[in-house]
There are 2 protein chains.
Amino acid sequence: MKRDSRLSGVLHVLLHMAQQPGPFTSETLAKAMDTNPVVIRRIMAGLRELGYVRSEKGHGGGWRLACDLSKVTLRDVYAALGSPSLLAMGNRTESPGCLVEQAVNAALDQAFHDAEALLLSRLGEVTLAMLGEDLRKRLGSRKIHDISAHRA
Amino acid sequence: MKRDSRLSGVLHVLLHMAQQPGPFTSETLAKAMDTNPVVIRRIMAGLRELGYVRSEKGHGGGWRLACDLSKVTLRDVYAALGSPSLLAMGNRTESPGCLVEQAVNAALDQAFHDAEALLLSRLGEVTLAMLGEDLRKRLGSRKIHDISAHRA
DNA sequence: CATCATGTAACATACAAAGTTACATGAAAC
DNA sequence: GTTTCATGTAACTTTGTATGTTACATGATG
């Protein structure tokens, strides 16, 4: 797999859930995302632990939102995934004895750190509610999107 | 392999080369980097094509710097590697039909793009000569580092 | 108790970087 | 000219991680 798409995926799920009351089974969500129910449960596990969503077993069970969408940022969601590494590049050796490599690492670390900080900052500026608002604009006059129609 | 370390690696090689006249065989460089000669040739190929280094076969052959170190930035070196992706994360689907996913992508793309731009900008601010200068400071009063002593 | 849905372990697949082997090409030394 | 050295490159192996899949235990509902 080329790149980590868990953040993209879990946001997709959350935004879908925000459009309808729920609950949603992992299977329903998986169909909408064209993936496997276990994958859904996996990426949702961290959000459940942080209380952003709740899950229930048995008949009528499934996933429900359990947070104020205007208080949860994309950065929070990212953190709920376990804060996977943001950059595809890194240093060859983290604590090299070679002074040459230390000089290289210092220069790269600075650039890497700045980029990571900016990305986290940007993610922290966007709430799930804002995403929902943007979606509403995109939907325009259309009827609220039904997740069950997603399969088309 | 966890993360792409080619940029880190090739910079390490270039900085080593800047400390001594050369030429350097792939094998010598590989030993200094604790890796394989073919890996060296691979990461150096792009730099050769752009004229940053030259290579010669046969006796007395090997790699030599062929550029003004004060004119080549880390961003140039990155480009010579083929501009591999900088971010470890990406969108699930690049051109989704689903409006929900479009909204998610739009938000993430913005953040991703900003972070990539900043990283490239930072890399563009640092020249190989500046790296060499930093290294000189780290070396302090010490004798110029001999690459053959690297194996220690 | 049968059914539904999550929770999770275990295994399979896909992909890219890094490491390795093998050999062709060309240059210098003898 | 032949040997030796060094690059150039293809092909294959190894490794790490995300993703996909199967199987089954757990618990809730009807």
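Letters go in sequence order (proteins before strands), and every chain restarts at 1.
A close approach under 4.0 Å does occur between a side-chain nitrogen or oxygen of R6(B) and OP1 or OP2 of dA17(C). Residue T25(B) places none of its side-chain N or O atoms closer than 4.0 Å to OP1 or OP2 of dA6(D). One finds a side-chain N or O of S26(A) lying less than 4.0 angstrom from the OP1 or OP2 phosphate oxygen of dT6(C). OP1 or OP2 of dG8(D) has not a single side-chain nitrogen or oxygen of R41(B) nearer than 4.0 Å.
dA17(C) atom P lies 17 Å from atom CZ of R92(A), rounded to whole Å. Between K57(B) atom NZ and dC23(C) atom P there is a gap of 17 Å when expressed in whole angstrom units. Atom CG in L81(B) sits about 12 Å away from atom C1' in dA17(C), given to the nearest Å. Computed from coordinates, the N91(A) CG to dA17(C) P distance equals 17 Å when rounded to whole Å. Atom P of nucleotide dG16(D) and atom CE of M89(A) are separated by 19 Å, given to the nearest angstrom. Atom NE2 in H59(B) sits about 5 Å away from atom C1' in dA28(C), given to the nearest Å. If you measure from atom CG of D4(A) to atom P of dA16(C), you get 15 Å, rounded to the nearest angstrom. One can place CD1 of I40(A) at 12 Å from P of dT21(D), the figure rounded to the nearest angstrom.
Map S55(A) and R42(B) each onto its nearest nucleotide of DNA chain C; the residue landing nearer the 5' end is S55(A). DNA chain D is contacted by both N36(A) and E56(A); N36(A) maps to the nucleotide lying nearer its 5′ end (nearest heavy atom per residue). Annotation: of the two residues near DNA chain C, P84(B) and P37(A), the 5′-most nearest-nucleotide partner is P37(A).
The side chain of V38(A) lies closest to dT22(D), out of dT22(D), dG7(C), dT20(C). Relative to the side chain of W63(A), the nucleotides dT19(D), dG7(C), dT7(D) differ in distance, and dG7(C) lies closest.
Between K31(B) and E27(B) there is a salt bridge, since a side-chain N of the basic residue sits under 4.0 Å from a carboxylate O of the acidic one.
Here S70(A) pairs with D68(A) under the side-chain hydrogen bond (donor to acceptor under 3.5 Å, both in side chains) rule; sequence neighbours left out. Listed by chain and residue number, nothing satisfies the side-chain hydrogen bond (donor to acceptor under 3.5 Å, both in side chains) test with D34(A) (two or more places apart in sequence, or in another chain).
A heavy atom lying under 4.0 Å from DNA chain D marks none of the residues of residues 46-53 of chain A.
Here the options are R138(A), R136(A), K137(A), the test is side-chain hydrogen bond (donor to acceptor under 3.5 Å, both in side chains), and the partner is D134(A); only R138(A) passes. Between L14(A) and the choices L74(A), V77(A), L131(A), the side chain to side chain contact (heavy atoms under 4.5 Å, CB included) rule is met once, by V77(A). No option in R41(A), M44(A), R42(A) other than R41(A) meets the side chain to side chain contact (heavy atoms under 4.5 Å, CB included) test with S26(A).
Enclosure of atom CZ in R54(B) is not indicated, since only 12 or fewer non-hydrogen atoms of other residues, nucleotides or ligands lie within 6.0 angstrom.
Residue contacts shown for G62(B) are limited to sugar-phosphate atoms, with no base heavy atom under 4.0 Å away.
A donor-acceptor contact closer than 3.5 angstrom links the side chains of T25(B) and T28(B).
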